[in-house]
Every structure is written in structure tokens, then in C-alpha cells.
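Notes for the one structure printed next.
All of these numbers come straight from a predicted model, not from anything done at the bench.
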Amino acid sequence: PSVMKMIDRLVADQREDGGFGERAFTRSSLILTGWATLCLKSAKSSGLRVEAEAFEAVREWFLTNADPETRLVTPTAEERATYPFRVEPG
């Protein structure tokens, strides 16, 4: 189905670091990585094929970018400034 094509495209767009970003030349973004992860999880929960490697890579991205004490990932100042909604750390 066409939904599967979109899921395949999303997985193909996953960065080498496991995250997702807006453009090829921008770094992986917390917000976009979060949304992409929700899409992949929803697809898998709906019975569509999503390779385990996609989830393993995104898990590693979150672990790499999380604060070691709180285990939270917060958006960068640039991310907070570029999205139409307000995101406050903490």
C-alpha cells in the first residue's frame, strides 16, 4: 500500500546517527525524531513491517542525546526558535 511506501521512505531518511532531521544538511532534531518514532511505532502497531533496526537506531540516538542524570532530551535553542509552538525545557 502507499502507506508502506511512506514508511519505507521515512526509514530511508533516517540519519546515520539514528535520528531524523528536516534537511540533509541539518542535524538530527529532537522534535522530528520524536514525530518519526511515533509514526514508525504507529505503523508497526497497525501491522505494517518496520525493521527492528530502525527502532534500535532511534533508541541509540535518544540515549546518546539524553542528559545522563535525568535521561531527558531537550530541544536546542534553535529548535525552540524555529517551531510555531513553544517548547520549554524541563
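Among residues at least two apart or in separate chains, salt bridge (Lys or Arg N to Asp or Glu O under 4.0 Å) pairs with a member in residues 50-59 are Arg49-Glu51.
Ala54 and Leu40 make their closest contact through CB-CD1, 4.3 Å (heavy atoms, listed as atom of the first residue, atom of the second, distance). Between Ile7 and Ala43 the shortest heavy-atom distance is CD1-CB, 3.6 Å. Nearest heavy atoms, Ala57 versus Gln14: CB-NE2, 3.6 Å.
Judged as a side chain to side chain donor-acceptor pair (under 3.5 Å), and not counting sequence neighbours, Thr37 has no contacts.
Ser46 places no side-chain N or O within donor-acceptor distance of the main-chain N or O of Leu48, the cut-off being under 3.5 Å. Side-chain atoms of Ser42 never come within 3.5 Å of backbone atoms of Leu38 as a donor-acceptor pair (strictly under, hydrogens ignored). Formation of a donor-acceptor pair under 3.5 Å by the Thr26 side chain with backbone atoms of Arg23 is found in this model.
If you take OG1 on Thr33 and CG on Asn65, they are separated by 8.0 Å, rounding to the nearest 0.5 Å. The CH2 atom of Trp61 lies 6.5 Å from the OG atom of Ser29; values are rounded to the nearest 0.5 Å. Atoms CZ and CZ, on Phe20 and Arg15 in that order, are 9.5 Å from each other to the nearest 0.5 Å.
Lys44 is listed as a side-chain neighbour of Phe55, based on a closest heavy-atom distance under 4.5 Å.
There is a path of hydrophobic side-chain contacts, each under 4.5 Å, that joins Leu10 to Met4.
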